[in-house]
Amino acid sequence: MSSNAKHLHSIDAGHYKNTAGSETEVMPIPDIVKISMSQNLGAPCKPLVKKGDTVKVGQKIGDNTEAFLSVPVHASVSGTVTGIETQRSAMGGNDTLVVIEADKKQELAEDIHKPEINDMDSFLKAVRESGLVGLGGASFPTHIKFNPKNKDEVHTFIINGAECEPFITSDHRTMLEDAQNVIDGAEMIMKYLETDMGYIAIEENKPDAIANFDKLIAEQGITNLKTFKLQARYPKGAERVLIYEITGKHCDAGVLPAQLGVIVSNVTSVAFWGQYIKDGIPLTKKRMTIDGDAVSQPKNVVAPIGTMIHDIMDFCGGYKSEPTKILMGGPMMGRAIFSDRMPIVKNNNAILAFSREQAYIPEETACINCGRCHHACPFNLLPTGLADAYENKDVDMLNKLQVMQCMECGSCSFVCPARRPLAFMNKLGKAMVKEASKK
């Protein structure tokens, strides 16, 4: 990394923002939802309900108060619990699912009320009780993020509205449709974090979102919050890249943003918080982009958390061709799933379904030492050297080449003319280093 560089390395991964102009459609309540107990980074929740129980929207149905990294889960529909199931998750582990048969009444739980917040403790308690996790994909418990050990040293709040992954436009629609909630949420967050300045970081290919915020901020006379225009390049929305773009500070692997005086939160997370402080309804629904050439009617959709993916696809007209690959998230960092008989979770921002033609990846060939992967890496890593070290099981070389700095953005794999899975090998190399450190 060069300390005098204006920008970290980035690539043109294409935008494909096909649904940017598509206003969000609210999906009808499905017959069944299956709500995962593993919707945050950290320990899963324990079910608080059993088969036969009647539940209402916003009722807490899962929690784990014994675990530090845990956030409660709430019913997204009213109805009857028909079972507790176990299913293989997109992460490869086993998920516990609370299955609810919806009565379509959408009655709110009796204890739903606007949160009373008057100090830092009540603020953090309300954030946890809302069920909020990082909605940009990381699913880190937000009440932990908002309570750094060095709180007195945090001075900058960054709202991540970059949305640099191809195809995804759900954050874009949030910035157009829920901008006031973003501002209201940001103002309270900045009040309790006691930050001096807040930035709404948006890529330059979303001028309508930038203009929308600039207008609202000016009309309301807000002086400590402003937009920050990013290049429309990948991966400008990655947390560590974003921090550098705005503050000029390098956030190395293992360093928390708060240690650099910064807190970063996804724009949809902030928008949800802005709504929660007005109505007290926990996180029970999610806006997602549904796209890909196998989808009949690509659109932005709001659906109850726990809705089955095949039900969402049916709402989008079904498949117009047999999908070869379905992704939760974007094509660069999203996760391929084995079936559409899986439920959506809190941090789903997109479901993409691709035909064989669009999902085709050419066969891997030999490295030609072109250096494109090195030039594409935001942190100037040497992906070919890391791949060789991984294949040779050379932990010392993996450490020497700083494999732990890799954020698995996929830029190296994307630009590789030999189609080598360099980012995936880095992921495996990091796991090798972690395993060696345990020994």
Self-check item: Whether Gln106 side chain and Ser78 backbone form a donor-acceptor pair below 3.5 Å
Solution: yes
Quiz item: Do the side chains of Cys416 and Leu422 get nearer than 4.5 Å, heavy atoms only?
Solution: yes
Quiz item: Does any N or O in the side chain of Ser413 come within less than 3.5 Å of the main-chain N or O of Ala423, such that one atom is a donor and the other an acceptor?
Solution: yes
Self-check item: side chain to side chain contact (heavy atoms under 4.5 Å, CB included) between Phe213 and Val182, intermediate numbers included
Solution: CA-CA 9 Å; Phe213 277 119; Val182 175; 3.8 Å; yes
Quiz item: Do you know which two heavy atoms are closest between Ile112 and Asp279, and how far apart they sit?
Solution: CG2-O, 3.7 Å
Quiz item: Is there side-chain contact between His74 and Leu283, with heavy atoms separated by less than 4.5 Å?
Solution: no
Quiz item: For Asp293 and Lys320, what are the C-alpha separation, side-chain angles and deciding distance, and is it a salt bridge (Lys or Arg N to Asp or Glu O under 4.0 Å)?
Solution: CA-CA 8 Å; Asp293 69 335; Lys320 63 182 179 182; over 6 Å; no
Quiz item: Distance-only, no hydrogens or angles: does the Asn150 side chain make a donor-acceptor pair with backbone N or O of Ala258 under 3.5 Å?
Solution: yes
Result block: side-chain N/O donor-acceptor pairs under 3.5 angstrom for residues 196-203, not counting sequence neighbours:
| residue | atom | partner | partner atom | Å |
| --- | --- | --- | --- | --- |
| Glu203 | OE2 | Arg233 | N | 3.4 |

Quiz item: Counting distance only, does the side-chain N/O of Asn347 pair as donor-acceptor with the main-chain N or O of Gly134 below 3.5 Å?
Solution: no
Quiz item: How about Lys249: does its NZ atom have over 12 heavy atoms from other parts shown lying under 6.0 Å from it?
Solution: yes
Self-check item: Non-neighbouring partners of Lys299 that pass side-chain contact (heavy atoms from CB on, under 4.5 Å), sequence neighbours left out
Solution: Glu25, Gln297, Val301, Phe315, Cys316
Exercise. Step by step, work out the side chain to side chain contact (heavy atoms under 4.5 Å, CB included) result for Thr142 and Leu135.
Key: CA-CA 9 Å; Thr142 305; Leu135 300 181; over 6 Å; no
Self-check item: Within-4.5 Å side-chain heavy-atom neighbours: Phe157 and Leu193
Solution: yes
Quiz prompt | Enclosure of Lys151 NZ (heavy-atom neighbours >12, cutoff 6.0 Å) | solution = yes
Practice problem: Rounded to the nearest 0.5 Å, what's the gap from CG on Leu398 to NZ on Lys393? Could you check? | Solution: 11.0 Å
Exercise. Nearest 0.5 Å please: distance from the CD1 atom of Ile217 over to the NZ atom of Lys226.
Key: 10.5 Å
Exercise. Can you establish whether the number of heavy atoms outside Lys125 located under 6.0 Å from its atom NZ is more than 12?
Key: no
Quiz item: Applying ring pair (Phe, Tyr, Trp, His ring centres under 6.0 Å), which residue pairs with at least one partner in residues 161-186 are found, sequence neighbours left out?
Solution: Tyr16-Phe167, Phe167-Phe354
Quiz item: How many angstroms lie between CG in Asp184 and CG in Leu216, if you round to the nearest 0.5 Å?
Solution: 9.5 Å
Quiz item: Between Thr169 and Ser22, is any pair of side-chain heavy atoms under 4.5 Å apart?
Solution: no
Quiz item: Would you say Met432 and Val395 make side-chain contact, with heavy atoms under 4.5 Å?
Solution: yes
Quiz item: Of the non-hydrogen atoms in Val71 and Asp63, which two are nearest, and what is the gap between them?
Solution: C-OD1, 4.4 Å
Quiz item: Which residue pairs pass the side chain to side chain donor-acceptor pair (under 3.5 Å) test with at least one member in residues 331-342, sequence neighbours excluded?
Solution: Tyr319-Asp340
Self-check item: Atom of Glu163, atom of Lys17 and distance for their closest heavy-atom approach
Solution: O-NZ, 2.9 Å
Practice problem: Tell me, with the steps shown, if Thr268 and Asp171 meet side chain to side chain donor-acceptor pair (under 3.5 Å). | Solution: CA-CA 6 Å; Thr268 297; Asp171 281 350; 2.5 Å; yes
Quiz item: Around atom NZ of Lys145, are there more than 12 heavy atoms of other residues, nucleotides or ligands at under 6.0 Å?
Solution: yes
Quiz item: Within a radius of less than 6.0 Å around NZ of Lys278, do more than 12 heavy atoms belonging to other residues, nucleotides or ligands occur?
Solution: yes
Quiz item: Under the 3.5 angstrom rule, does the side chain of Asp53 hit a backbone N or O of Lys50 as a donor-acceptor pair?
Solution: yes
Quiz item: Within a reach of under 6.0 Å around NZ of Lys104, are more than 12 heavy atoms found that belong to other residues, nucleotides or ligands?
Solution: yes
Self-check item: Under 3.5 Å side-chain donor-acceptor pair for Asn94 and Thr86
Solution: no
Quiz item: Distance-only, no hydrogens or angles: does the Glu165 side chain make a donor-acceptor pair with backbone N or O of Met332 under 3.5 Å?
Solution: yes
Exercise. Could you walk me through whether Thr156 and Thr195 pass the side chain to side chain contact (heavy atoms under 4.5 Å, CB included) test, one step at a time?
Key: CA-CA 5 Å; Thr156 303; Thr195 53; 5.9 Å; no
Quiz item: Would Lys60 and Glu129 count as a salt bridge (Lys or Arg N to Asp or Glu O under 4.0 Å) if you check the C-alpha gap in whole Å, the side-chain angles of each, and the deciding distance to 0.1 Å?
Solution: CA-CA 9 Å; Lys60 193 183 293 186; Glu129 289 301 304; 2.9 Å; yes
Quiz item: From Lys286 NZ over to Met27 CE, what is the distance, rounded to the nearest 0.5 angstrom?
Solution: 15.5 Å
Exercise. Answer yes when Arg287 and Asp178 have at least one side-chain N-carboxylate O distance shorter than 4.0 Å, and no when they do not.
Key: yes
Quiz prompt | Side-chain donor or acceptor of Ser76 paired with backbone N/O of Pro304 under 3.5 Å | solution = no
Quiz item: Do His15 and Pro166 come within less than 4.5 Å of each other through their side chains, counting heavy atoms only?
Solution: no
Quiz item: Taking the side chain as C-beta and beyond, is there a heavy-atom pair between Glu239 and Met407 under 4.5 Å?
Solution: no
Exercise. Return the set of residues passing side chain to side chain donor-acceptor pair (under 3.5 Å) with Thr307 (not counting sequence neighbours), or none when no residue passes.
Key: none
Quiz item: Between Lys430 and Val433, is any pair of side-chain heavy atoms under 4.5 Å apart?
Solution: no
Self-check item: Nearest atoms (heavy-atom pairs only) where Val73 meets Cys45
Solution: CG2-SG, 3.9 Å
Quiz item: Side chains of Asn300 and Ser170: is there a donor and an acceptor less than 3.5 Å apart?
Solution: no
Quiz prompt | Any donor-acceptor N/O pair, Ser269 side chain to Ser265 backbone, under 3.5 Å | solution = no
Exercise. State the CG-CD distance between Leu260 and Glu153, to the nearest 0.5 angstrom.
Key: 10.5 Å
Quiz item: Which atom pair, heavy atoms only, marks the closest approach of Ile309 to Met328?
Solution: CD1-CE, 3.8 Å
Quiz item: On the ring face of Phe379, is Arg240 found with NZ or CZ under 6.0 Å from the centre and within 45° of the axis?
Solution: yes
Quiz prompt | Distance (rounded to the nearest 0.5 Å) between Asn181 CG and Thr174 OG1 | solution = 9.5 Å
Quiz item: Counting N and O atoms only, with roles assigned by atom type, does the side chain of Asp95 sit under 3.5 Å from a partner on the main chain of Leu97, one being a donor and the other an acceptor?
Solution: no
Self-check item: Polar side-chain atom of Lys346 near backbone of Gly131 as donor-acceptor pair, under 3.5 Å
Solution: yes
Practice problem: Specify the closest pair of heavy atoms between Lys236 and Val241, including all atoms of both residues, with the distance to one decimal. | Solution: CA-CG1, 4.0 Å
Self-check item: Contacts of Tyr192 that satisfy ring-ring contact (aromatic ring centres under 6.0 Å, His included) - sequence neighbours left out
Solution: Phe123
Self-check item: Crowding at CZ, Phe68 (>12 non-hydrogen neighbours, <6.0 Å)
Solution: no
Quiz prompt | Over 12 foreign heavy atoms within 6.0 Å of CZ, Arg356 | solution = no
